[in-house]
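These figures come from a predicted structure and were not determined experimentally.
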Amino acid sequence: MSDPLFLTPTVSQDLYSWALGSAYRQYRLNDPSYALARDPMIDEKMDRDPKFAAASRYRRHLIAGRAWTIEPASDSPADRLLAKVLTALTQRCDNLVEARFHLANAVVRGSAWGFLKGRIENVQIEGVPDSAWWVVGHVQNVDRRRLHFRPQRGEDGTPERIRLVWWSWKRRQWELVDPSWFACNVYDDTETNLGYGLGLRDALYFLMWFKEQLLADGLKAVKRWSRGIMTVGVDGLRASAGDNRKRVTDWEKATAESRERDALIYDKTDEFDLKFPTGEGARLVLEFVRYADEGIEELLVGSHLATSATGGGSYALGKVHQQTTETLVSFDRELLDSGAMTRDFLGSLKRFNCANLRRLGIERANCKFTTAEEDENDPGKAMTVVAQALEKGIALRKKDVHERIGFPQPTAEDEVYEAPQGAPGAPGQPGADGDPGADGGPPAAPPDDVLDTLFGAPVRAGKAPPAPEPVAAGAPREASRARFVGQPTDVQWD
């Protein structure tokens with residue numbers, strides 16, 4: 001029995017450590033993506049493949065979602081007030097859904113970046129004194145290839161810290177930038193990836209290359225498969241071999257020209273025939289292309305559709321595939337919410353509005369960004385949930401109820417159908433607006449003061465801490481502007 005300690009060590013065991021040390025001593029850290037090294041235009045090529053585009057966008061749409069909330073970290077009044085303030089500030093962003101859709105592309109490319117274009121506005125927040133706030137008006141998508149990490153060296157030349165640089169198309173040079181100006185979503189951030197993340201691109205690259213070669217060979221063979229192969233019988237008993245070669249060459253030229261003119265003139269003693277392939281080659285190519293498409297779909301959504309399955313019921317197989325996709329989407333959504341949206345987006349709002357938050361006494365409060373689960377809208381099921389909630393004494397916002405059942409809230413000018421007499425919620429019955437409860441007690445609290453966990457209300461309302469005195473009336477905007485430190489309001493997008 002041999003002892004591993006006595007085995008001869010190999011140099012290959014140290015290759016990774018040497019390569020890692022060499023990478024951090026370069027002028028900049030290059031993206032170690034294998035696919036980018038082989039084909040710098042791989043992202044553009046994949047985006048133009050119909051199968052990839054459909055599956056990729058489907059997953060990104062599921063990750064981004066539409067509904068979102070900002071939840072307090074606890075039930076403390078400070079956390080609830082911070083969630084209320086940040087909800088109002090976040091609503092000032094004009095492309096929040098689209099920004100999350102682009103940030104979700106980190107699943108494929110490893111990382112995705114968005115530039116936070118800020119501005120100062122007077123935002124009206126209920127229960128908070130009027131003041132100027134720094135808000136994110138727009139999240140501009142930034143191509144990941146425009147951003148790189150650069151080691152900053154000390155006096156002895158050794159790297160001390162990693163800085164972020166981007167390429168200015170206006171000044172045509174690399175420039176240092178503050179990471180707090182960006183929302184960054186990194187997927188599979190390991191040491192080997194040097195901070196760039198590792199998405200599905202490298203795995204997809206081999207399938208895309210395989211599919212590209214198949215389609216190129218298949219298109220070349222289309223002409224042969226569709227027009228057939230022409231065979232000609234010639235008399236080989238000639239006086240000299242040169243005559244035979246000349247006759248064969250003449251026939252090759254004649255058949256080639258005949259395909260262009262769609263006509264052939266020949267001697268009646270000549271023999272020729274048109275043979276069509278059996279189609280086995282075409283079916284083989286199509287099977288390989290189908291294999292590549294199924295591999296692409298399985299990488300992106302977790303499994304290919306149940307129509308390609310060979311056993312089991314279609315409903316049961318569909319449920320299994322749906323659960324697989326939901327598992328992937330839940331992980332990706334949590335990664336996006338906790339990283340780019342909570343750490344970067346909400347973190348920038350807290351950092352650049354630190355003076356206002358300190359005046360409100362909530363600078364140390366915490367909250368998190370959450371993308372709401374979007375179930376299939378079933379009005380019948382929604383009505384059942386509403387009835388059960390009201391029966392348990394849970395107050396619901398009318399706006400949320402109307403959205404769930406699919407009917408808009410009526411206005412004062414609309415003609416409405418009233419609930420029949422005796423029904424719960426009808427005028428004069430327990431549970432109606434302004435009427436006492438079933439036990440004869442005081443009316444229920446206003447719906448806006450209740451946390452609606454069933455319908456995704458953004459925050460739990462509560463008593464806020466005593467608000468400080470509002471800003472003096474003489475030039476409040478100028479007086480408030482001095483409280484914002486380091487915000488990228490004057491950064492030019494170039």
Pairing residues for Phe206 by the ring-ring contact (aromatic ring centres under 6.0 Å, His included) criterion, not counting sequence neighbours =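 Phe206 satisfies ring-ring contact (aromatic ring centres under 6.0 Å, His included) with Tyr34 once adjacent residues are dropped.
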Inspect the contact between [Y] and [X] and indicate whether a charged nitrogen and a carboxylate oxygen are less than 4.0 angstrom apart.
X	Y	result
Lys368	Asp337	no
Arg109	Glu44	no
Arg201	Asp43	yes
Asp332	Arg59	yes
Arg283	Glu287	no
Lys211	Asp217	no

Spatial distance of atom CG (Leu86) from atom CH2 (Trp133) [nearest 0.5 Å] =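 Spacing of CG (Leu86) from CH2 (Trp133) equals 8.0 Å.
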Validation row: Leu349, Trp134 side chains within 4.5 angstrom (heavy atoms) |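 A side-chain contact under 4.5 Å exists here.
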Sub-4.5 Å side-chain heavy-atom contact between Arg150 and Trp174 |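 With C-beta onward as the side chain, the pair touches.
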Go through the side-chain N and O atoms of Tyr58 and Glu297 and say whether any donor and acceptor fall under 3.5 Å apart.
->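 There is no such pair between these side chains.
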Between the side chains of Asp202 and Ser33, does any donor sit under 3.5 Å from an acceptor?
->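 Short answer, yes.
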Not counting sequence neighbours, which residues clear side chain to side chain donor-acceptor pair (under 3.5 Å) with Ser338? List them please.
-> none
So which of Leu81, Asn356, Ile362 actually passes side chain to side chain contact (heavy atoms under 4.5 Å, CB included) with Val128?
->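 Only one option passes, and that is Leu81.
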Kindly say whether the aromatic ring centers of Trp181 and Phe352 come within a distance under 6.0 Å.
-> no
